[in-house]
Amino acid sequence: MDYKGYIAECISKALNDDLDKVLGLLSVPPNENMGDVAFPCFSYAKQFRKAPAMIAQEVLERIKSDSDFDEKIIAKMEVAGGYLNFFLNRNEFISSVVSDVVEKGVDFARSDEGNNKKVIVEFSSPNIAKPFHIGHLFSTSLGNSIEKIYSYLGYDTVKINHLGDWGTQFGKLISAYKRWGVDEDILKDPINELLKIYVKFHQKAEENPSLEDEARMYFKKLEDGDEEIVRLWKFFVEVSMKEFSRVYNMLNISFDSYAGESFYQDKMPEVIEMLEEKGLLEDSEGARVVTFGDMPPCIIIKKDGTTIYATRDIAAAIYRKRHYDFHKNIYVVGLPQTLHFKQVFGVVDKMGFGWADDCVHVGFGTVRFPDKKLSTRHGDVVFLEDVLNESIAKTREIIENSSTTKEIENVDEVATKVGIGAILFTFLRNARERDIVFTWEDILDFEGESGPYVQYSYARGKSILRKAEEQNIEYRGAKLDVLDSQEEFALVKLIKDFPEAIRNAANKYEPSIVTRHIVDVAQAFNKFYNSCSILKAEEDVMKARLNIVEASCICIKTGLNLLGIEEVEKM
Ligand code: ARG
């Protein structure tokens, strides 16, 4: 039942005014004693030449006298100042929302509004032979959740990992490998070893600049498809991917495509030709660039004739449009690359592709680690696997020291899901453009607005439902219109609003809207749990409350899963 819609209909009929306009005016009163939905009448004062309170009173009377008016939906109306306030019929409201959620399960908020339209979500995109750093994890968490949210809303999503697997740095790496590379060491600890020789290359090149020429020569060979050099490059890709895959497996994340920068190597000549044909390329100190009125030029070809990161991104966008015919092409990449994407989309737009407007850069802030304990054996860079493992270990410790652990048979599994979920949750808790300060107290605060707190609330609900089952209590299908307490009503209202939160999260590319909503649901659930007895209540109340518990669990599980977090049944 769409309550707001119903109220708007009543008002629009009474005022003979546009339904959407009325809907847009509806608000929520500042406190619950004043009702559930408010209609401000101020904007009608001029038109009707009456005081807003008088208009509110008239609307009230007209609605009441309408033969279609349904008291089962609206229990009461009240004029307060220039507002007409509506009080929902709580019994009815709780009953209809809860029965709907319990019946539909985790699909209760699903929709088909996406109409199978294609949405590309590009995320993670680490660089071959370089560490998968915490910024990549931020992108990975966000992108994974955004994809799940779009998919839940009926879009046909494609997850792309735009690997950084091409560029002049590979010439340097090959040169370094030929000088100092030891296969045995590389196979043992690929990324660290490759990083080590790459750093060494830079040091040595300072003393001996001819190394740079050597590197350029190798990159040229790579571009020309030299067999030995290509084989080496493939080796670097392979050993790096193996490491990245370990992280993806830990996070339970997969991709539909790993078409990274190298994939566009043979697609660039055509793009450059198109740019030339359209007269968009200009000379600038030997380089070929596209200029804009309002931002720095985008370099397409460097003065040594090679293409760059941006050129590959332009080729990628065009390829994606042709291959997927996307409705939206989303890039989940840190805020420092904002200008880069403005330029890339700007070039595409100048090429006359209207779909440039369907390309979206979803940026995010930086991550800081004030917690010294988090820095690792690897020195300055924080390695992701270490962070994940540490979170799992710490979670395990907390669970093992808690009094309820005895019941948990699968401590490892629970610690993994909760520990990893806690990290993902931390990335998805605040508006994405805000910087994040990572501290263990925060991440694993079982009582704060954390992953473990939400997980625990779910497990708490499930434990009640298990007890009910053990006692053979048949609560499904019970009569539900017996509940009307403030705690129950507040909780059910939040559950009812969840689909709208998901839609907002999609529109703003902001999973934190989902995160915050399930934190609210978890908090409301705990309030309800603490103030309403469930299994000790009278039979009909008990059964109805068990349905609220089940609806809450369904809502929390749906939310966690949309964040890419797996729920646990016991903890
Ligand atoms: N590999 C890049 C990095 O680590 C991110 C790639 C972002 N995606 C893109 N289409 N440019 O910074």
Side-chain angles (χ1 to χ4, degrees), residues 119-144 146-147 157-170 172-173 191 194-195 198 233 236-237 240-241 243-245 247-248 253 255-265 267-268 271 290 295 298-300 307-324 326 328-349 353 355-356 358-367 381-384 427 432-433 509:
V119 169
I120 292 178
V121 188
E122 185 218 281
F123 64 102
S124 199
S125 311
N127 301 316
I128 295 300
K130 296 254 180 75
F132 189 124
H133 60 68
I134 207 79
H136 294 124
L137 183 58
F138 203 160
S139 165
T140 308
S141 325
L142 263 176
N144 187 50
I146 290 173
E147 184 274 327
T157 56
V158 185
K159 297 176 276 182
I160 299 184
N161 194 332
H162 188 81
L163 291 173
D165 59 0
W166 204 254
T168 46
Q169 71 270 27
F170 286 94
K172 296 177 188 173
L173 188 60
I191 293 186
L194 293 173
L195 187 64
Y198 184 71
W233 171 78
F236 302 147
V237 173
S240 306
M241 279 312 296
E243 289 215 17
F244 300 158
S245 303
V247 173
Y248 295 138
I253 283 176
F255 293 90
D256 301 307
S257 160
Y258 285 90
E261 294 185 48
S262 69
F263 181 76
Y264 301 100
Q265 186 53 13
K267 295 168 185 64
M268 281 185 289
V271 172
V290 175
M295 59 182 156
C298 181
I299 302 176
I300 304 291
T307 55
I308 64 163
Y309 182 54
T311 328
R312 292 187 278 280
D313 258 326
I314 296 163
I318 294 172
Y319 171 84
R320 287 179 191 173
K321 184 62 193 178
R322 284 182 186 160
H323 190 73
Y324 298 106
F326 57 74
K328 247 179 208 178
N329 179 22
I330 299 170
Y331 299 78
V332 186
V333 184
L335 283 173
Q337 295 196 32
T338 303
L339 175 62
H340 164 75
F341 284 107
K342 273 201 182 131
Q343 291 174 319
V344 168
F345 304 158
V347 172
V348 173
D349 182 55
F353 296 127
W355 50 261
D358 304 327
C359 296
V360 193
H361 172 216
V362 171
F364 53 84
T366 55
V367 186
V381 199
V382 179
F383 275 70
L384 194 70
F427 281 113
R432 60 184 154 76
E433 295 198 355
Y509 314 101

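For the single chain, residues carry numbers from 1 onward in sequence order. Note that ligands are numbered from 1 as they come in the structure, with each ligand's atoms numbered from 1 the same way.
Counting protein heavy atoms only, atom 1 (N) of ligand 1 is closest to N127 OD1, 2.6 Å. Annotation: atom 12 (O) of ligand 1 to nearest protein heavy atom, Q337 NE2, 3.0 Å.
The closest donor-acceptor contact from the side chain of R432 to the backbone of G363 lies under 3.5 Å.
Classified by interplanar angle (parallel below 30°, tilted 30° to 60°, perpendicular above 60°), the ring pair F326/W355 is perpendicular. Ring planes of W233 and F170: perpendicular class, angle over 60° (limits at 30 and 60°). Using cut-offs of 30° and 60° for the angle between ring planes, the Y248 and F255 rings count as perpendicular.
Scanning Y309, F341, Y331 for the heavy atom closest to atom 6 (C) of ligand 1 points to Y309.
The line from CD1 of I308 to SG of C298 is 6.0 Å long, rounded to the nearest 0.5 Å.
The atoms of ligand 1 that sit less than 4.0 Å from any heavy atom of D313 are 9 (C), 10 (N), 11 (N). Near H136, with a cut-off below 4.0 Å to any heavy atom, the atoms of ligand 1 are 3 (C), 4 (O).
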Test ring-ring contact (aromatic ring centres under 6.0 Å, His included) applied to F236 and Y198, step by step = CA-CA 12 Å; F236 302 147; Y198 184 71; over 10 Å; no
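Residue R320 places no N or O, backbone or side chain, under 3.5 Å from any N or O of ligand 1.
Residue contact check for ligand 1: E261 places no non-hydrogen atom closer than 4.0 Å to it.
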